[in-house]
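Inspection log for the structure reproduced underneath, given as structure tokens.
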Amino acid sequence: MSTTPAAYDTLTVPEATLIQKELRAQLDLSPLSKPPQYIAGADISLNRFSEVIYAGLVLLRYSDLQPVACSLVQSITRFPYVPGYLAFREVPALVQALEQMPVRPDVIMLDGHGIAHPRRMGIAAHFGTLTQMATMGCAKKKLFGKYEEPGPAKGDYSPIMDKEETIGYALRSKNKVLPVFISPGNRMSLDDSLRIALHCCGNYRLPEPTRKAHEFVNLFRTGQLQSGYHEIGSGSLF
DNA sequence: GCGACAG
DNA sequence: ATCTTGTCGC
């Protein structure tokens, strides 16, 4: 009963650890039931030393990865950045951004880890169990686990291991760049997360959903986009 | 005690 | 995360 995002601001780290252990029991890593039609990228942006958080979801058509809509929300975050507890800082604003969307993405890709976390509760797993959405994590750095360097070619990957258990993958998303770290968050399998990540990789290190989300929240933070829900381009979604 | 440490 | 110029490699 202690999982209300509005109350995250005042939590202590030991209290946050308990919430993570509760949410872990709700993880669902069964395979995705149907091929996604829409995927959303989720990210946040901040001004240095500020408590104002700019959060956003960008919805992309899965087939061609073109952005079709975005949801932008401004909020306040007081929980500090503590490695292993990123969700308590960013998730409340991202939940608001999701609630503001009139459409449900089939999959959401978060900037950070899914189950590749000491308690299997990275931001993507946390956000996924909280919202009951299919989620996955794409991080730029390792948080937890061991991995061997993947091969040098785009698409090469190697497992991230905790003891004997695979908890994600280090994926070469582009030729001769540092790998990104992929793991499922909720309502999808390890294989699903890897397959989706591969599908979303283009000519940049970051997969399109994450890359676009980062771009949009930065435009939002710098005043070039307004908060709210916006459809992009011409086509209506319905 | 010593390193590691998402954003 | 964000702040920043030049610099290196393809």
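Numbers restart at 1 for each chain; the letters A, B, ... are given by sequence-line order, proteins then strands.
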For A:Lys174 and A:Tyr204, which heavy atoms make the closest approach, and how far apart are they?
-> CD-C, 3.7 Å
Closest heavy-atom pair, A:Ile53 versus A:Arg89, reported as atoms and distance to 0.1 Å, is CD1-O, 3.8 Å
Give A:Tyr85 one of three labels, base, sugar-phosphate or nothing, depending on what nucleic acid heavy atoms sit under 4.0 Å from its own.
-> base
Would you say a side-chain N or O of A:Arg221 is under 4.0 Å from OP1 or OP2 of C:dC3?
-> yes
For atom CG of A:Asp64, is the number of surrounding heavy atoms from other residues, nucleotides or ligands below 6.0 Å larger than 12?
-> yes
Candidate nucleotides B:dC5, C:dA1, C:dC3, ranked by approach to the side chain of A:His214 - the nearest = C:dA1
Counting heavy atoms not belonging to A:Gln224, are there more than 12 under 6.0 Å from its CD?
-> yes
A:Tyr85 atom OH, neighbour heavy-atom count above 12 within 6.0 Å = yes
What are the two closest heavy atoms between A:Leu65 and A:Leu60, and how far apart are they?
-> O-CD1, 3.4 Å
d(OH, A:Tyr54; C1', C:dT2) in whole Å | 13 Å
Side chain proximity check, A:Val58 to A:Glu215, heavy atoms < 4.5 angstrom = no
List the atom of A:Asn175, the atom of A:Lys154, and the distance in Å for their closest heavy-atom pair.
-> OD1-N, 2.7 Å
Secondary-structure stems, DNA chain B, at least 3 Watson-Crick or G-U base pairs under 3.5 Å = none
Under 4.0 Å between a side-chain N/O of A:Ser45 and OP1 or OP2 of C:dT2, yes or no?
-> yes
Rounded distance (Å) that lies between atom C1' of C:dA1 and atom CG of A:Leu86 = 10 Å
Rounded to the nearest angstrom, tell me the gap between atom CD1 in A:Ile123 and atom P in B:dA6.
-> 13 Å
Close side-chain approach of A:Val103 and A:Val68, heavy atoms under 4.5 Å = no
Do we see a donor-acceptor contact under 3.5 Å between the side chains of A:Asp28 and A:Ser30?
-> yes
Whole angstrom is fine here: how far is it from CD in A:Glu215 over to P in C:dT2?
-> 13 Å
Under 3.5 Å donor-acceptor, A:Ser183 side chain and A:Gly114 backbone = yes
Minimum heavy-atom distance A:Leu190-A:Gly168, with the two atoms named = CD2-N, 3.6 Å
Rounded to whole angstroms, how far apart are CG on A:Leu219 and P on C:dT2?
-> 12 Å
Contact list for DNA chain B against residues 136-145 of chain A - heavy-atom distance below 4.0 Å = A:Ala139, A:Lys140, A:Lys141, A:Lys142, A:Leu143
May I ask whether A:Tyr81 stacks on the base of C:dA1, given the cut-offs of 5.5 Å between ring centres and 30° between planes?
-> no
Interface with DNA chain B, restricted to residues 186-200 of chain A and to heavy atoms under 4.0 Å = none
Between A:Lys176 and A:Asn218, just flag the one whose closest nucleotide in DNA chain C comes earlier from the 5' side.
-> A:Asn218
Scan the side chains in residues 139-152 of chain A for donor-acceptor partners under 3.5 Å anywhere in the protein, sequence neighbours excluded, and list what turns up.
residue: A:Lys140; atom: NZ; partner: A:Asp111; partner atom: OD1; Å: 3.1
residue: A:Lys140; atom: NZ; partner: A:Asp111; partner atom: OD2; Å: 3.4
residue: A:Lys142; atom: NZ; partner: A:Gly145; partner atom: O; Å: 3.0
residue: A:Glu149; atom: OE2; partner: A:Arg172; partner atom: NH2; Å: 3.4

Distance under 6.0 Å and angle within 45° of the ring axis: does A:Arg221 meet both against A:Tyr54?
-> no
Figure out the NE2/P separation between A:His117 and B:dA6, and round it to whole Å.
-> 11 Å
Quick check: are there more than 12 heavy atoms from other residues, nucleotides or ligands sitting under 6.0 Å from CZ of A:Arg104?
-> yes
Measure from CZ on A:Phe79 to P on C:dA1 and round the result to the nearest Å.
-> 19 Å
Tell me which residues in residues 147-159 of chain A put a heavy atom below 4.0 Å from DNA chain B, sorted by number, or none.
-> none
Does any non-hydrogen side-chain atom of A:Phe127 lie less than 4.5 Å from one of A:Leu98?
-> yes
Reckon A:Asn175 has a side-chain N or O less than 4.0 Å from the OP1 or OP2 of C:dC10?
-> no
Using a 3.5 Å limit on both pairing distances, list the dot-bracket string of DNA chain C from the 5' end; Watson-Crick and G-U wobble pairs count, crossing pairs take [ ], interstrand pairs take |.
-> ..........
Find the distance A:Arg205:CZ to C:dC10:P and express it as a whole number of Å.
-> 19 Å
Flag for A:Ser227-A:Gln74: side-chain donor and acceptor within less than 3.5 Å = no
